[in-house]
Amino acid sequence: MFRIAIQRGFSCVKNIQSVIIPYYAKIQPAAVTSVRSMSKHSTETDEEFDARYEAYFNRTDIDGWDVRKAMNDLQGMDLVPEPKIMIAALRACRRVNDYALAVRFLEAVKDKCGTRMKEIYPFLLQEVRPTLDELGICTPEEMGYDKPELHLENVYDIH
Amino acid sequence: MNKLHRDISSMAGHLLKVATKHLPSRYVASRIFIPSVAYHKERIGNREVVGFGLNGEPSYIDRTDFPMPAIRFKENSQEIITLREKEKDDWRKLTMDEKKALYRASFCQTFAEMKAPTGEWKSVLAGTLVAMSLTIWIYVWMKKFVYQPMPESFSPERKAAQFQRMIDLRINPIEGLTSNYDYENNRWKD
């Protein structure tokens, strides 16, 4: 009995990789959110969300209509877009040949930073700077649009 | 998408024409019943429709929570069309003025202009304070010209007499007024 047990032990040691696997590693990583849930609560992770929007902007056949739709949707969400989403969006603006859209997007993201603008916005600009230089997009600050340039009378104040 | 809009509005206009062909002309007020898309298309003129917008109608609005409106701001004039051709090329070749012109062609106000403080609070505060002081002046006038003089029982001597009467009557002796009065020594407790 002991001999058999020892032989077993040796073969175990040899095949250590196939035998001694922690139980949690045997569970395969879940497939991307194909689980049907009854509530509207999303089970998408942050990375999946980022990847989805990056892939959306990176479509080569995207047109201005879809770019604007995605940007408006992002503006409505409770988040600041990741730099990689921003880079994909700026490249999409380049593909549809719309410079003003790119600057507007930068202004919109800056506005999304809210009260923590001083922490978040410089970081975002730093991440996105290579793309800005490559495509030739000026930031709103460089264009002088961080301060009001023109004045528009409020229609309710016109008597 | 522009083509789709054009097709829909032309189709709708055609259907309207067909539907009203057999009505006597005095019953058709063609300006009133045109479909929504055609109505807007008439009003925006030469502006390019570039997106769905806030509610699907081709209108322009500046909102920080909806940064890309459905139409460009300015109509497509000749300068803007030439700028658009230049925009298809490398953007590094655009001058700052051209970049600004492109932005203003698509958008009316920048975010900074949208969010700029209006200073309205000063006029609101001033108006409130003026109203309050007016109220106080009205009260002064009322006291001087409207109200009767106060009865004599409000004079200081009469009030002192009433107060002494309250002490004599032992008003609220447990926790109130005369609980603080020392009756043995005829004075207030410390």
Side-chain angles (χ1 to χ4, degrees), chain A residues 62-78 89-91 93-114 117 131-157, chain B residues 1-5 48-56 58 60-74 80 83-120 123:
Chain A
I62 200 169
D63 75 335
W65 190 279
D66 288 333
V67 173
R68 281 173 168 81
K69 174 185 161 51
M71 287 177 176
N72 282 325
D73 288 347
L74 278 174
Q75 194 74 359
M77 296 178 194
D78 184 19
L90 292 169
R91 290 196 192 284
C93 292
R94 175 67 266 192
R95 248 173 276 131
V96 300
N97 296 322
D98 203 333
Y99 175 79
L101 191 62
V103 180
R104 187 75 158 184
F105 179 62
L106 287 172
E107 282 188 296
V109 169
K110 179 178 179 186
D111 187 55
K112 285 302 284 184
C113 298
M117 197 183 297
T131 313
L132 292 178
D133 294 336
E134 179 195 331
L135 297 176
I137 302 171
C138 291
T139 64
E141 291 74 38
E142 288 163 13
M143 291 180 71
Y145 285 159
D146 54 333
K147 300 270 178 302
E149 185 189 43
L150 303 174
H151 174 251
L152 189 66
E153 182 111 43
N154 191 341
V155 291
Y156 299 114
D157 294 339
Chain B
M1 281 300 163
N2 289 347
K3 194 162 168 291
L4 184 64
H5 255 192
E48 195 187 338
V49 177
V50 281
F52 184 76
L54 207 51
N55 54 2
Y60 182 88
I61 188 159
D62 279 315
R63 287 183 65 121
T64 56
D65 57 352
F66 204 86
M68 279 72 181
I71 58 177
R72 297 206 191 270
F73 178 59
K74 291 197 179 150
I80 294 178
L83 266 181
R84 295 242 175 270
E85 290 302 315
K86 217 169 165 210
E87 206 181 6
K88 294 186 181 152
D89 204 3
D90 196 356
W91 288 343
R92 281 173 285 197
K93 297 193 194 146
L94 294 169
T95 66
M96 186 50 76
D97 281 337
E98 286 170 340
K99 288 179 175 175
K100 286 189 170 189
L102 277 170
Y103 186 93
R104 293 288 180 184
S106 290
F107 302 108
C108 177
Q109 284 190 302
T110 67
F111 267 66
E113 288 157 11
M114 274 189 248
K115 298 171 72 169
T118 56
E120 198 188 355
S123 50

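Numbers restart at 1 for each chain; the letters A, B, ... are given by sequence-line order, proteins then strands. The figures that follow rest on heavy atoms only: side chains count, while hydrogens, waters and symmetry mates do not.
- Neither the backbone nor the side chain of A/Asp73 comes within contact range of chain B; no heavy atoms are under 4.5 Å apart.
- Residue B/Ser106 touches chain A through its side chain alone, counting heavy-atom pairs closer than 4.5 Å.
- Within the model, atoms CZ of A/Arg68 and CZ of B/Phe66 stand 11.0 Å from one another, a figure rounded to the nearest 0.5 Å.
- No side-chain heavy atom of B/Glu113 sits less than 4.5 Å from a side-chain heavy atom of A/Leu152.
- Within the 4.5 angstrom heavy-atom criterion, only side-chain atoms of B/Phe107, from C-beta onward, approach chain A.
- The structure places NZ of A/Lys112 at 9.0 Å from OG1 of B/Thr64, a figure rounded to the nearest 0.5 Å.
- Between A/Tyr145 and B/Tyr103, the two ring planes are tilted [angle within 30° to 60°].
- For the atom pair CZ (B/Arg84) and CG (A/Asp98), the distance works out to 6.0 Å, reported to the nearest 0.5 Å.
- The most heavy-atom pairs under 4.5 Å with chain A, out of B/Lys100, B/Gln109, B/Met96, B/Met114, come from B/Lys100.
- Put simply, CG on B/Leu102 and CG on A/Leu101 are 11.5 Å apart, with the number rounded to the nearest 0.5 Å.
- Proximity to chain B is limited to the backbone of A/Glu134, based on heavy atoms less than 4.5 angstrom apart.
- Without hydrogens or angle criteria, A/Arg104 side chain to B/Pro67 main chain gives a donor-acceptor distance under 3.5 Å.
- Highest contact tally toward chain A, considering only B/Phe52, B/Phe111, B/Trp91, is held by B/Trp91 [criterion: heavy-atom pairs under 4.5 Å].
- Contacts of B/Lys115 with chain A are made by side-chain atoms alone, with heavy-atom separations under 4.5 Å and no backbone atom involved.
- With a threshold of 4.5 angstrom between heavy atoms, A/Lys69 does not approach chain B through any atom at all.
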Working for salt bridge (Lys or Arg N to Asp or Glu O under 4.0 Å), residues B/Arg104 and A/Glu149: CA-CA 11 Å; B/Arg104 293 288 180 184; A/Glu149 185 189 43; 2.8 Å; yes

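- Listed options A/His151, A/Lys147, A/Met143 were ranked by heavy-atom pairs under 4.5 angstrom with chain B; first place goes to A/Met143.
- Within 6.0 Å of CD in A/Glu153 there are more than 12 heavy atoms belonging to other residues, nucleotides or ligands.
- Residues A/Glu107 and B/Thr110 come closest through the heavy atom pair OE2-CB, 3.4 Å.
- For the set A/Pro140, A/Gly64, A/Ala108, A/Pro148, the count of heavy-atom pairs under 4.5 angstrom toward chain B peaks at A/Pro148.
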